[in-house]
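Only heavy atoms go into these numbers, but all of them, side chains included; no hydrogens, no water, no symmetry mates.
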Amino acid sequence: MTTITLVGAGGKMGCRLVDNFQKLPHYDVHCLEVSPKGIENLQQRGVTVKNQAEVVPLSDVVILAVPDVAIGAISDEIIPLMKPDSVVLTLDPAAPLDGVIHHRDDLGYVIAHPCHPSVFNWEPTEEAFRDFYGGISAKQSIVVALMAGTEEHYKLGEKVAQEMYQPIKHTYRITLEQMAMLEPAMVETLAQTCMEVVKEGYDRIVELGVPEAAARDFVLGHLRIQIAVLFKEVNGTFSDAAYKISKRAKPLLFRDNWKQIFEMDDIREQVKDITTK
């Protein structure tokens with residue numbers, strides 16, 4: 001039986017993982033949590049918080065499901081207690097890339113992050129379809145990276161990640177740097193920012209009198225087909241007028257050098273913003 005300590009078990013991500021681990025009796029999972037709300041969340045699940053000094057030295061894998069701004073200090077407390085040849089599993093590339101995770105040469109370090117269910121994911125029920133985050137019933141892929149350690153460390157980290165994020169569609173092994181290109185650079189710095197601007201535009205046209213229900217259906221419907229065309233989900237193109245107007249708009253909305261967000265120097269600045277209070 002694989003023994004796991006889940007640090008930050010009462011938080012949003014921690015609770016999702018606890019819910020999945022409770023379905024997996026072949027893992028012996030110990031939960032650590034310090035916040036009153038987090039402890040309450042665990043009590044509602046019938047989970048008792050353990051003592052870190054007792055359970056961390058017993059664990060084959062320690063999962064750090066804690067905020068990026070706190071993970072460095074928490075890792076300084078937890079990782080020195082770990083037994084040799086065990087695995088540190090983190091859920092985000094920011095702190096590992098920024099070098100704030102406590103390092104030991106005798107441990108493996110694996111990062112595993114969910115892709116979340118695709119906008120084109122098909123599920124047989126509406127309930128499953130509306131698992132937008134994944135990890136409950138909707139299929140999702142994951143990306144996994146080995147930051148330090150051996151292939152055996154990677155295999156153990158990947159196996160745990162596949163089960164705690166299940167149901168899994170695909171598992172992609174990539175590097176830590178490639179994961180940071182995906183997040184924060186691609187999905188937060190670029191995609192989330194663009195979507196926030198789209199939402200601001202939506203709010204503005206509603207202010208100007210467009211009926212909200214009509215605006216919502218119009219915008220979300222067009223977003224779906226636009227994504228489908230651009231990512232080759234359909235064999236189609238935009239209209240000539242649409243291409244013409246997007247060509248006009250791009251230099252008005254974006255700086256010429258915007259792709260520098262994918263350069264590693266810029267990405268390191270992005271992750272430093274994430275990990276700094």
Checking side-chain polar atoms at under 3.5 Å, does N41 have a donor or acceptor matched by the opposite partner on Q43? no

Show, in sequence, the C-alpha distance, side-chain angles and deciding distance for F21 and V160, and conclude whether the side-chain contact (heavy atoms from CB on, under 4.5 Å) test is met. CA-CA 10 Å; F21 279 128; V160 172; 4.1 Å; yes

Does any donor atom in the side chain of E163 or Y27 lie under 3.5 Å from an acceptor atom in the other side chain? yes

Test: K199 and D203 ion pair at under 4.0 Å: yes

Suppose the criterion is ring pair (Phe, Tyr, Trp, His ring centres under 6.0 Å): which pairs have a residue in residues 171-204, not counting sequence neighbours? H170-Y172

Only one of E158, E151, E152 forms a salt bridge (charged side-chain N to carboxylate O under 4.0 Å, His left out) with K155, so which one is it? E152

More than 12 heavy atoms of other groups within 6.0 Å of N51 CG: yes

Single-linkage hydrophobic cluster I168~L17, side-chain heavy atoms < 4.5 angstrom: yes

Would a single hydrophobic cluster contain both M164 and L32, if residues Ile, Leu, Val, Met, Phe, Trp and Tyr are joined by side-chain heavy-atom contacts under 4.5 Å? no

For atom CD of E127, decide whether the heavy atoms of other residues, nucleotides or ligands shown that lie under 6.0 angstrom number more than 12. no

F262 atom CZ: more than 12 heavy-atom contacts under 6.0 Å: yes

Using a distance-only test with no angle check, is there a side-chain donor-acceptor pair under 3.5 angstrom linking S75 and E77? no

Test side-chain contact (heavy atoms from CB on, under 4.5 Å) on M147 and T90; report intermediate values, then the result. CA-CA 10 Å; M147 184 176 73; T90 64; over 6 Å; no

Working to the nearest 0.5 angstrom, can you tell me the gap between D85 CG and D60 CG? 9.5 Å

Does the side chain of N257 come under 3.5 Å of the side chain of Q260 through a donor N or O and an acceptor N or O? yes

Within a reach of under 6.0 Å around NZ of K83, are more than 12 heavy atoms found that belong to other residues, nucleotides or ligands? yes

Determine the minimum heavy-atom distance between Q162 and T171, stating which atoms define it. NE2-OG1, 2.9 Å

Shortest non-hydrogen contact from I261 to A185? O-CB, 3.6 Å

What do you reckon, is CD of E207 surrounded by more than 12 foreign heavy atoms closer than 6.0 Å? yes

Counting heavy atoms not belonging to K23, are there more than 12 under 6.0 Å from its NZ? yes

So, are R45 and D19 salt-bridged, with charged N and O less than 4.0 Å apart? yes

Would you call the rings of Y109 and H103 parallel, tilted or perpendicular, taking 30° and 60° as the class edges? parallel

Looking at V56 and M82, what are the two nearest heavy atoms and their distance? CG1-CG, 3.6 Å

Heavy-atom pair of closest approach, residues Q140 and P117: CB-N, 3.8 Å

Aromatic ring pairing F132/F129, orientation class (parallel under 30°, perpendicular over 60°, tilted between): perpendicular

